[in-house]
Amino acid sequence: KVVAQSGGDDMVAGIAHKSLPLYGVQFHPEVDLTINGKIMMRNFLYNISGCVGNFTMANREASCINEITNIIGAKKKVIVLVSGGVDSTVCAALLHKALPSDSIYALHINNGFMRLGESDNVVKALNDIGLNVRYVD
């Protein structure tokens, strides 16, 4: 069912399932330009979804490191392909924090689509935190 409309033109802005706790919006409440967007997000997260406000980046990092350690253990080896994007770079950094250095084989391959000097920057950034990244040009 329609639960929110936009301005005076009756455009659908929010919907809700008739019996299940499922909701959708046709706008971005998280962006700064949305009036009362932060209030909407807070209301949805805490009052509707039942989330609690105890999340911190330190909690998330510790949780990831613990999960990596539990799944991989101290004796297994890991290959991580590092593209230079956020996901693979964060993954490589977390592996480095969770495992012995000799357990990680990090590899960056310049696929020919990287910006000039970008591959060198990727490898240097991870080498600077102590992760040995092998580079294939």
Side-chain angles (χ1 to χ4, degrees):
K1 70 179 182 178
V2 175
V3 295
Q5 294 177 313
S6 176
D9 55 9
D10 293 333
M11 296 292 291
V12 175
I15 57 172
H17 190 277
K18 289 183 181 182
S19 59
L20 297 174
L22 299 174
Y23 308 92
V25 293
Q26 185 60 37
F27 64 100
H28 292 274
E30 75 279 6
V31 298
D32 290 338
L33 298 176
T34 300
I35 298 169
N36 296 319
K38 288 182 182 177
I39 294 169
M40 285 184 252
M41 291 296 294
R42 186 176 299 112
N43 182 49
F44 178 77
L45 291 171
Y46 300 136
N47 299 334
I48 295 173
S49 298
C51 294
V52 293
N54 62 357
F55 174 86
T56 66
M57 287 307 291
N59 289 1
R60 183 65 180 142
E61 180 182 34
S63 173
C64 289
I65 290 170
N66 186 47
E67 186 171 354
I68 290 167
T69 304
N70 288 338
I71 291 171
I72 297 170
K75 298 187 181 195
K76 294 181 184 172
K77 305 282 186 190
V78 176
I79 297 172
V80 58
L81 299 175
V82 184
S83 68
V86 173
D87 294 342
S88 66
T89 302
V90 169
C91 179
L94 287 169
L95 288 169
H96 175 63
K97 288 185 175 189
L99 303 172
S101 293
D102 63 347
S103 296
I104 306 164
Y105 187 89
L107 179 66
H108 174 75
I109 300 171
N110 184 344
N111 57 21
F113 292 103
M114 304 296 284
R115 293 181 192 100
L116 182 63
E118 189 171 22
S119 285
D120 293 329
N121 292 337
V122 169
V123 172
K124 182 181 179 322
L126 289 169
N127 285 341
D128 285 350
I129 66 165
L131 181 62
N132 182 24
V133 179
R134 283 89 172 168
Y135 175 44
V136 178
D137 191 6

Under a 4.5 Å cut-off applied to non-hydrogen side-chain atoms, are [X] and [Y] in contact?
| X | Y | result |
| --- | --- | --- |
| V90 | L94 | yes |
| V136 | N110 | no |
| Y105 | K77 | no |
| V133 | V122 | no |
| E61 | K97 | yes |
| V82 | L107 | no |
| F44 | S49 | yes |
| V3 | K1 | yes |

Over 12 non-hydrogen atoms of neighbours within 6.0 angstrom of [atom1] in [X]:
| X | atom1 | value |
| --- | --- | --- |
| H17 | NE2 | yes |
| I129 | CD1 | yes |
| N70 | CG | yes |
| R60 | CZ | no |
| E118 | CD | yes |
| L22 | CG | yes |

In terms of hydrophobic clusters joined by side-chain contacts under 4.5 Å, are [X] and [Y] together?
| X | Y | result |
| --- | --- | --- |
| V86 | V80 | yes |
| L131 | I79 | no |
| I68 | I71 | yes |
| I15 | M40 | no |
| F27 | I39 | no |

Are any side-chain N or O atoms of T69 and backbone N or O atoms of I65, one a donor and one an acceptor, separated by less than 3.5 Å? yes

Closer than 3.5 angstrom, by distance alone: can the side chain of S88 be matched with the main-chain N or O of S83 as a donor-acceptor pair? yes

How are the rings of Y135 and H108 set to each other: parallel, tilted or perpendicular (split at 30° and 60°)? parallel

Before accepting this row, confirm whether a basic side-chain N of the pair D120/K124 lies closer than 4.0 Å to the acidic partner's carboxylate O. no

Just verifying a value: how many Å separate [X] [atom1] and [Y] [atom2], rounded to the nearest 0.5 Å?
| X | Y | atom1 | atom2 | answer |
| --- | --- | --- | --- | --- |
| S119 | D137 | OG | CG | 7.0 Å |
| L126 | T89 | CG | OG1 | 5.5 Å |
| R134 | I109 | CZ | CD1 | 12.5 Å |
| C64 | M57 | SG | CE | 8.5 Å |

What is the minimum heavy-atom distance between [X] and [Y], and which atoms define it?
| X | Y | value |
| --- | --- | --- |
| H96 | G130 | CE1-O, 3.3 Å |
| L99 | S103 | CB-CB, 4.3 Å |
| Y46 | V52 | CE2-C, 3.8 Å |
| D10 | Q5 | OD1-OE1, 3.7 Å |

Establish, from distance only, whether the side-chain atoms of T56 and N59 form a donor-acceptor pair under 3.5 Å. yes

Determine, stepwise, if the pair L95 / I72 fulfils side-chain contact (heavy atoms from CB on, under 4.5 Å). CA-CA 10 Å; L95 288 169; I72 297 170; 4.0 Å; yes

